[in-house]
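Working notes, beginning with the structure itself.
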Amino acid sequence: MNQLIGQEVGASRYLPKAPHRLVWYDLTAGDAEVPMGDGEWHRSCSPGILAYHASKSPIPVVILLHEINPDTHVRLLANLEEHLPDFGFTRMGEQQWGTERAIIRVFNKSGSDASIDMLRRSDAVFLINDPNAITEWAMRPTFSREISARSVSYFRGFTTMGCNASGLKRSKGTRRGRIELFDRIAALQHTLPRYRDLCFAPIIRDRDQWAYLVETSDKWRPKTEDLIRSAFKKYRRDATVTWYRNEEARFRGEMLRLFLTQAELKGVRGQEKHWVNATLDERIEMISAFEDAPVPRPPEQMGIWAIDDEETSE
C-alpha cells in the first residue's frame, strides 16, 4: 500500500492531462493505531500512509477516511490528533485536518456509503478497501462504474482479502460469506472499463492465505506487477500475480484455490466455469451434494475360487 500510494504521488504529475487533484478514499480506516506499538505510524496504518504521502504531494490531495464502528472512530480521531501535526497538518474542525495543499476528512459511517459527489473529471482517485475479513467487504459493487460515469479517467483500487484456513475456512458457517466474494468480484469485472484490468495477487505459502486485488489501468500492468513483487521480496515472500483480462481461467482458478477449502474444491472440479456463473444457492448446493454423497465402497478383493484350490492341490 505504501508503495502504491507513493507511485500515485510520483507519477500523477507526469501523466497525459495530469490530474488537478488527488482524491483518496479509505473505506476501512480503522483506529490508525500502530500494531503492538511496533513501527512508524506513517508506515504501519493506512491513515498514516495516506497522510505522509499527502504531505509530500505537489498536487492537492483530499483524503476521505471512513470508519463504521463508533468506538474505533473515537480512537481514530485521537490518533490523528496525536500524529498528524508531525506532517504539517492542523485541526480545522471536529473531524477535519489540513495543510496548504492537503485535507483529511473523517466519517463515522460505512465505506460502502462513501459519497462521490465531490469528484471532478480532472481528479485522480485511489481507493483502499482493507476489511478485517472478506466477510466485511466495504466497497459497493458499483463504485468503479460510478467513478467512470463521472468521467474520471484515473482510478485505482486496492483491496486486501484474507481467508485464513484456521478461521474463515474452518467451518461451513462461513461458506456463504466466502462464496459471496465471487459475486463481488464478478460485479467489478462486469463494470470494468475497457482500459482497466484487475490484478489478483495471493501470497505464496502464506498460513493466513492473504491476497490483494488491484484495479488499475491496463497500461500499468508491468509497473504494478514489479511493484508487488519488489514489495514482497523485502520480506522474503512472493506472490502469484494474475491479470483478469489476460488470463481469465487462471484468475478464476487462483480465486477458487484461495477462497474454497480443499473439500469444496473437489465439489466444483471440472465445473469451475459453471460454478462461477451459477447463483449463490446453486453453488452451495453443488458443494453440499458432493460432501453428502456416500463414500464409494472399496473394490472387493478377488478371492481364490474353490476350483482353483482344487486344481492347485493337484
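Sequence positions, counted from 1, serve as the residue numbers for this chain.
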[X], [atom1] atom: more than 12 neighbouring heavy atoms under 6.0 Å:
X    : atom1 : value
Y14  : OH    : no
K109 : NZ    : yes
Q96  : CD    : yes

Does some side-chain heavy atom of [Y] sit less than 4.5 Å from a side-chain heavy atom of [X]?
X    : Y    : result
V61  : W24  : yes
L64  : H66  : yes
D123 : L22  : no
F126 : F158 : yes
I203 : F232 : yes
S144 : F155 : yes
L188 : L213 : yes
T28  : E67  : no

Return yes if some donor-acceptor pair links the side-chain N/O of [X] with the main-chain N/O of [Y] below 3.5 Å, else return no.
X    : Y    : answer
R283 : A278 : yes
R178 : F259 : yes
R150 : V152 : no
T142 : R145 : no
R91  : G98  : no
R156 : L4   : yes
H73  : N69  : no
E254 : F251 : no
E282 : T279 : yes
E272 : G270 : yes

Could you see if [X] belongs to whatever hydrophobic cluster contains [Y]? Use Ile, Leu, Val, Met, Phe, Trp, Tyr and a side-chain cutoff under 4.5 Å.
X    : Y    : value
I68  : M139 : no
I5   : L65  : yes
V214 : W243 : yes
I104 : I59  : yes
I147 : M118 : yes

Distance check, rounded to the nearest 0.5 Å: [X] atom [atom1] versus [Y] atom [atom2]?
X    : Y    : atom1 : atom2 : value
R252 : I185 : CZ    : CD1   : 13.0 Å
D218 : Y195 : CG    : OH    : 10.0 Å
L192 : D197 : CG    : CG    : 6.5 Å
E215 : N129 : CD    : CG    : 11.5 Å
T72  : D31  : OG1   : CG    : 6.0 Å
H20  : R121 : NE2   : CZ    : 11.0 Å

Walk me through it: do F143 and Y25 pass the test ring-ring contact (aromatic ring centres under 6.0 Å, His included)? CA-CA 11 Å; F143 204 104; Y25 286 87; 5.5 Å; yes

Please work out whether the ring planes of F182 and W275 are parallel, tilted or perpendicular, with thresholds of 30° and 60°.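 Taking W275 first and then F182, their aromatic rings stand perpendicular (interplane angle over 60°).
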
What are the two closest non-hydrogen atoms of [X] and [Y], and how far apart are they?
X    : Y    : answer
S12  : A18  : O-CB, 3.6 Å
E81  : P85  : O-CD, 3.4 Å
L27  : A114 : CD2-CB, 3.9 Å
A29  : S46  : O-OG, 4.0 Å
A51  : F89  : O-CE1, 3.6 Å
V241 : E247 : O-OE1, 4.3 Å

Tell me, with the steps shown, if Y212 and M161 meet side-chain contact (heavy atoms from CB on, under 4.5 Å). CA-CA 6 Å; Y212 297 89; M161 297 183 289; over 6 Å; no

Do you see a donor-acceptor pair shorter than 3.5 Å between the side chains of N2 and H53?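 N2 vs H53: donor-acceptor pair found between side chains.
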
Does a donor on one side chain sit under 3.5 Å from an acceptor on the other, for S55 and R101?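 The answer is no; no qualifying pair exists.
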
Do the side chains of R221 and D226 get close enough for a salt bridge, i.e. N-O under 4.0 angstrom?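 No, this pair does not count.
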
Does the distance from a Lys or Arg side-chain N to an Asp or Glu carboxylate O, for R75 and E33, drop under 4.0 Å?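 Not counted as a salt bridge, because no side-chain N and carboxylate O are separated by less than 4.0 Å.
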
Kindly indicate, with the supporting measurements, whether the criterion side-chain contact (heavy atoms from CB on, under 4.5 Å) is fulfilled by L227 and Q7. CA-CA 9 Å; L227 188 151; Q7 187 184 66; 3.6 Å; yes

With sequence neighbours excluded, what pairs up with S230 under the side-chain contact (heavy atoms from CB on, under 4.5 Å) test?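 side-chain contact (heavy atoms from CB on, under 4.5 Å) list for S230, sorted by chain: Q3.
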
Using the rule given for side-chain contact (heavy atoms from CB on, under 4.5 Å), can you reason through R140 versus E146, listing the C-alpha separation, both sets of side-chain angles and the distance that settles it, and then say yes or no? CA-CA 10 Å; R140 60 182 179 268; E146 292 172 37; 2.8 Å; yes

Which residue, I128, L50, D26, forms the side-chain contact (heavy atoms from CB on, under 4.5 Å) with M1?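 Of the listed options, the one satisfying the test is I128.
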
Stepwise side-chain hydrogen bond (donor to acceptor under 3.5 Å, both in side chains) test for S148 and R196: CA-CA 11 Å; S148 297; R196 286 211 292 267; 3.2 Å; yes

Can you check side-chain contact (heavy atoms from CB on, under 4.5 Å) on R21 and V23, steps first, answer last? CA-CA 6 Å; R21 184 177 64 167; V23 181; 3.7 Å; yes

